[in-house]
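Single-structure report; data block below.
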Amino acid sequence: MAAFESPVRQRKDGGKLSTGFIDLFWKGQLLVEHKSRGRDLDRAFAQAIDYFPGIPERDLPRFILVSDFARFRLYDLEADRQWEFPLGDLHKQVRLFGFIAGYESRALRPQDPVNLKAAERMGLLHDKLLAAGYDGHPLEVLLVRLLFCLFADDTGIFPPQSFREWIEGETREDGSDLGARLTELFQVLNTAPERRLKTRDEALAAFPYVNGRLFAEILPIPAFDTAMRADLLDACALDWGTISPAIFGGLFQSIMDPKARRNLGAHYTSETNILKLIEPLFLDELRAEFERSRGNHNRLFELQKKLRSLTFLDPACGCGNFLVVAYRELRVLELDILRIVRDTHTRFLDVFGLVQVNVDQFYGIEIEEFPAQIAQVALWLTDHQMNQAVSAEFGQYFARLPLTTAPNIAHGNALTMDWRDLIAPERLSYILGNPPFIGSKMMSPQQRDELLALVPPGSKGAGVLDYVTGWYLKAAELLKPLSSISMEPLSRLRGDEARLRATGSRASERHRESDGRGAGGGEGPVPSNPPAETEAVRGEEGGTRPQVEAARLEPPASHPHIRCAFVSTNSITQGEQPGILWPLLWRHGIRIQFAHRTFQWNNEGRGKAAVHCVIVGFGLEPARKPTLFDYEDIRGEPHAVVAQNINPYLVDAADLVLPSRGEPLCAEAPRIGIGNKPIDGGHYLFTDEEKAAFLAIEPQASVWFRRWIGADEFLNGYQRWCLWLGECPPDQLRRMPEAMKRVEAVRKLRIDSKSAPTRALAATPTRFHVENVPADHYLVVPKVSSERRQWIPLGYLGPETLSSDLVFVAPHASPYHLGVLHSTMHMAWVRGTCGRLESRYRYSKDIVYNNYPWPESPSDKQRQAIEAAAQAVLDARAAFPDSSLADLYDPLAMPQALLKAHQQLDRAVDAAYGFKGRTDAERVAFLFQRYQALTSLLPAASAKRKPARRAAETQA
């Protein structure tokens with residue numbers, strides 16, 4: 001500690017500045033001001049604060065101590081707390097001064113602003129080093145090492161503030177020697193004391209031996225300047241001991257290139273959302289066992305042994321957020337166990353022999369090297385934070401230095417490597433994490449190939465699956481390999497993975513023997529010298545070897561003890577994806593054990609992405625109490641509901657998936673189809689102004705214009721126009737030269753297309769690709785609508801209006817049909833089953849509409865009530881002729897009369913269903929029961945029937 005008297009500017013009365021002396025000053029930590037006995041301590045505190053203008057910001061202290069040599073008053077400026085006590089009680093208050101020796105109880109607050117400051121300052125240093133030409137792997141390793149040193153400086157690994165003071169006192173202000181001195185420091189940290197040079201200066205010799213191979217690699221010497229040295233000192237000034245473990249995700253995001261981050265799909269979850277996953281996965285159960293064991297020491301020690309035996313794998317670990325929080329919570333629980341034992345024990349307890357949980361229980365796979373390194377360091381630093389908590393609790397210094405155990409983080413591609421190479425399934429307890437959020441249309445060709453390689457040959461529709469589903473498929477295969485996989489030709493298996501699985505060997509065991517992984521991994525730990533039997537199974541490509549045949553006699557072992565949970569985008573529980581993904585998972589016997597329905601995901605960085613997520617917990621065994629966590633407000637807190645069963649749509653209902661159905665499930669429902677799809681390059685579409693300009697030179701075309709409505713026009717109340725020439729007689733068309741120019745432009749557009757069907761349409765350039773021109777009034781359903789609306793706005797249009805393919809149209813829909821489709825009951829089905837465009841509802845015909853279970857045989861009175869209520873909704877809208885549907889259905893602007901009309905409609909529809917519940921979850925569960933009852937009466941192939949050509953889709 002650097003304690004000294006320091007002349008600084010002191011603000012006096014009247015605003016004048018003068019020079020004064022601080023009694024004791026420890027940069028960034030403590031300022032002490034003493035007064036004579038009996039003097040006012042408030043004035044002493046005010047004088048201490050007056051020194052602040054003369055102190056650099058990074059040196060401002062967290063604590064202020066004032067005294068009159070009879071009383072002490074300690075201020076914690078960061079926590080906004082103070083303590084006062086007489087000199088005689090100093091020995092009783094010694095814990096308050098634990099920060100002097102590096103012992104301090106810290107509250108790790110995920111949203112603490114220091115987290116963002118830390119990320120930003122490290123990001124600033126990264127940018128300057130990169131601009132200076134120091135890049136790639138050396139830059140990444142350097143930043144990880146600096147990160148460790150910054151934590152070590154504030155958490156007792158290093159002597160308090162020794163790293164900062166070493167930079168200030170042992171390197172030049174211009175930064176010219178900082179790179180070389182850091183290289184020297186890293187060598188010291190990697191060298192045991194007995195092997196260090198005897199001529200090392202005392203400042204370097206004071207640093208401890210770290211080991212763990214963190215400082216083993218020799219890096220190119222970076223070149224710092226004055227500004228870069230100042231940036232590093234600014235980072236030193238933060239209290240890194242208070243940094244939340246989740247900062248590593250935010251840190252990684254802040255220093256990666258934004259484009260690269262987007263391509264990698266890197267999303268790092270907040271601690272709050274991590275706890276939403278790990279609590280129901282394992283922590284709640286362990287906590288409950290702890291509460292049951294409180295009064296029994298033997299049971300408590302058995303529980304501690306159980307904690308030590310648990311292993312965790314995050315196969316998309318990023319910077320290790322999930323592993324870090326899981327490890328911290330295990331250590332907290334272990335500390336609670338030891339605290340009870342200590343409080344009821346009469347003899348001295350040696351914590352070195354009692355603390356058992358360690359970082360080597362944690363495994364991860366990460367495709368990028370930099371975050372893989374950060375994940376390893378993050379677990380070490382979390383370990384030290386928890387060791388500090390043990391030290392403070394037991395009054396014994398407890399640290400694990402040098403580092404002798406390490407987390408098992410592999411640098412590789414989780415979808416192409418065999419997870420068994422990292423840890424044998426027999427030793428694995430939990431799989432968890434949040435794999436990349438990359439939609440099916442956003443994947444790179446390589447990512448698509450990786451995903452499709454996991455899908456059995458011949459599986460239909462796999463192209464719509466999101467990237468995250470690959471992790472579900474890999475986990476399912478690990479839990480229960482299918483025996484058919486062992487009998488496939490080698491050409492369907494990949495390289496070493498196939499050969500290792502065919503022989504039944506465990507590469508992870510060989511890896512441990514050879515210690516072949518090294519720092520940072522590689523493309524996963526694969527043995528460098530495969531044994532002879534591995535070579536013997538190669539045979540001819542595509543053949544079936546004797547070892548593979550032997551697998552028939554001994555089916556692959558399943559692992560029901562492993563439980564899994566992933567954070568995922570909610571798209572995998574909506575639309576087409578459940579019907580494709582879950583039949584593949586059911587082949588392995590996968591069951592959903594708990595789930596969080598849709599909630600809004602947050603990360604720790606600024607400019608947070610609004611991503612709607614779910615959490616799905618699954619395994620081979622059914623849960624004793626399947627639990628659904630539902631959200632009334634997706635930004636709020638969930639409430640837990642014990643379910644009988646959780647299906648792929650995260651509904652308390654039987655395990656089933658909705659097929660892509662060609663016709664409505666219920667005969668009651670009118671058929672719907674898309675509107676018109678011109679494929680005209682916009683040549684037939686006009687705004688009001690464009691139409692007027694066109695008619696000024698081609699007045700004969702006026703009779704061929706129709707109003708044109710898509711979803712946006714329908715919802716927002718504006719119009720466009722379509723020049724519909726499909727029914728124009730040839731003689732009239734030829735008398736309109738401007739119209740003929742448009743027809744020729746469409747013909748050329750279609751001829752030049754790369755699509756063969758589009759080129760074929762060039763033969764009839766006045767016709768649309770899809771024509772749906774009803775002869776009477778028809779119902780319009782927008783394909784895409786805001787998720788903020790309680791109801792998707794529906795409405796009727798006349799035959800004088802053509803609808804685009806951005807809406808669905810129902811030519812024969814009655815007011816009764818409008819009423820049912822415009823109800824909260826139908827909207828609950830939509831929210832539970834439809835796909836999403838970003839977060840907006842994306843209505844579909846084959847999944848949402850055609851599978852919707854309509855009321856069963858409603859009475860005439862119930863039909864009339866629904867029709868009357870539907871008409872009341874239309875009447876309430878008509879009272880606001882200047883308001884668009886977007887205006888009317890904005891939840892903040894919706895007129896009371898319209899709201900009441902919808903509520904009356906909901907009561908009428910609920911009565912027709914005989915529904916007595918309240919929430920969306922209850923409604924969807926009710927509808928799935930109705931769906932199951934209806935589909936049990938249908939022949940097996942009914943869902944697959946699709947009429948060759950329906951009038952509802954292709955009317956001319």
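On a predicted model such as this, the values are computed, not experimentally measured, just so you know. Side chains included, hydrogens not; waters and symmetry mates left out as well; all remaining heavy atoms used.
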In this structure, CG of Leu281 is separated from CZ of Phe618 (nearest 0.5 Å) by 10.0 Å

**OP:** Classify the angle between the aromatic ring planes of Tyr931 and Trp829 as parallel (below 30°), tilted (30 to 60°) or perpendicular (above 60°).
**Re:** tilted

Review point. Where the side chain of Gln593 meets the backbone of Glu621, is there a donor-acceptor pair that is under 3.5 Å apart?
Key: yes

### Query
Can we say Glu771 and Arg767 salt-bridge, meaning some charged N sits less than 4.0 Å from an Asp/Glu carboxylate O?
yes

If only side-chain N and O atoms count, and only distance matters, is there a donor-acceptor pair under 3.5 Å linking Asp652 with Gln644?
no

Under a 3.5 Å distance rule, please check whether Asn851 uses its side chain to pair with a backbone N or O of Leu658 as donor and acceptor. no

- prompt: Please walk me through it: do Tyr843 and Cys834 pass side chain to side chain contact (heavy atoms under 4.5 Å, CB included)?
  reply: CA-CA 6 Å; Tyr843 199 88; Cys834 80; 5.8 Å; no

Aromatic plane relationship, Phe629 with His596 - under 30° parallel, 30 to 60° tilted, over 60° perpendicular: parallel

So NE2 of His612 and CZ of Arg840: to nearest 0.5 Å the spacing works out to 12.0 Å

For the residue pair Tyr852 and Trp854, does the interplanar ring angle fall in the parallel (under 30°), tilted (30 to 60°) or perpendicular (over 60°) class? perpendicular

Q. Does any non-hydrogen side-chain atom of Ile679 lie less than 4.5 Å from one of Phe768?
A. no

Review point. In terms of side-chain heavy atoms, does Asp906 have a donor or acceptor partner in Ser823 at a distance below 3.5 Å?
Key: no

Exercise. Kindly say whether Ala462 contributes a backbone atom to a donor-acceptor pair with the side chain of Ser459 at under 3.5 angstrom?
Key: no

Does either side chain, that of Ser803 or that of Tyr778, offer a donor lying less than 3.5 Å from an acceptor on the other one? yes

*With a 3.5 Å cut-off and no angle check, do the side chains of Asn716 and Ser884 form a donor-acceptor pair?*
no

Closest non-hydrogen contact found for Arg750 with Leu761 is NH1-O, 3.2 Å

| task | Begin with the C-alpha distance, continue with both residues' side-chain angles, and end with the deciding distance and a verdict on side-chain hydrogen bond (donor to acceptor under 3.5 Å, both in side chains) for Asn850 and Glu663. | result | CA-CA 6 Å; Asn850 284 347; Glu663 298 179 6; over 6 Å; no

Item to complete: If the plane angle is over 60° it's perpendicular, under 30° parallel, otherwise tilted; pick one for Tyr913 and Phe926.
Response: perpendicular

Audit row: Leu581, Leu585, side chain to side chain contact (heavy atoms under 4.5 Å, CB included) steps and yes/no:
CA-CA 7 Å; Leu581 172 64; Leu585 298 179; 3.8 Å; yes

Review point. Are Arg930 and Glu856 ion-paired here, with the side-chain N under 4.0 Å from a carboxylate O?
Key: yes

Would you check if the side chain of Trp419 reaches a backbone N or O of Pro315 as a donor-acceptor pair within less than 3.5 Å? no

Self-check item: Stepwise salt bridge (charged side-chain N to carboxylate O under 4.0 Å, His left out) check, Asp846 with Arg661
Solution: CA-CA 5 Å; Asp846 293 345; Arg661 192 177 295 278; over 6 Å; no

**Prompt:** With distance as the sole test, does Lys783 use its side chain to make a donor-acceptor pair with the main-chain N or O of Asp805 at under 3.5 Å?
**Reply:** yes

Practice prompt. Would you check if there is a donor-acceptor pair between the side chains of Trp708 and Ser804 at a distance under 3.5 Å?
Written response: no

CG (Leu806) and CG (Asp712) are apart, to the nearest 0.5 Å, by 9.0 Å

d(Lys474 NZ, Thr469 OG1) to nearest 0.5 Å is 13.0 Å

| Worked verdict on Arg597 versus Asp920 for salt bridge (charged side-chain N to carboxylate O under 4.0 Å, His left out) | CA-CA 11 Å; Arg597 303 190 77 208; Asp920 262 17; over 6 Å; no

Side-chain donor/acceptor of Tyr796 to backbone N/O of Leu779, under 3.5 Å: no

Would a distance-only check, ignoring hydrogens and angles, find a side-chain to backbone donor-acceptor pair under 3.5 Å from Asp466 to Ser440? yes

Does the cation-pi check pass for Lys276 over Phe599, that is, NZ or CZ under 6.0 Å from the six-membered ring centre and within 45° of its axis? yes

Rounded to the nearest 0.5 angstrom, the CZ-CG distance for Arg788 and Asp890 is 4.5 Å

d(His817 NE2, Glu668 CD) to nearest 0.5 Å is 4.5 Å

Margin query: Under a 3.5 Å cutoff, is there a donor and acceptor pairing between the side chains of His902 and Tyr889?
Written below: yes

(Q) Checking the side chain of Arg759 only, and the main-chain atoms of Ser753 only, is there a donor and an acceptor separated by less than 3.5 Å? (A) yes

- Task: Please check if the side chain of Ser558 supplies one atom and the backbone of Pro560 the other of a donor-acceptor pair under 3.5 Å.
- Result: no

Hey, are Ser444 and Arg448 close enough side-chain-wise for a donor-acceptor pair under 3.5 Å?
-> no

- request: May I ask you to check whether Phe566 and Tyr472 place their ring centers less than 6.0 Å from one another?
  value: yes

Short side-chain to backbone donor-acceptor contact, Gln600 and Arg635, under 3.5 Å
no

When every non-hydrogen atom of Gly575 is compared with those of Ile847, the smallest separation belongs to O-CG2, 3.7 Å

- prompt: For atom CD of Glu713, is the number of surrounding heavy atoms from other residues, nucleotides or ligands below 6.0 Å larger than 12?
  reply: yes

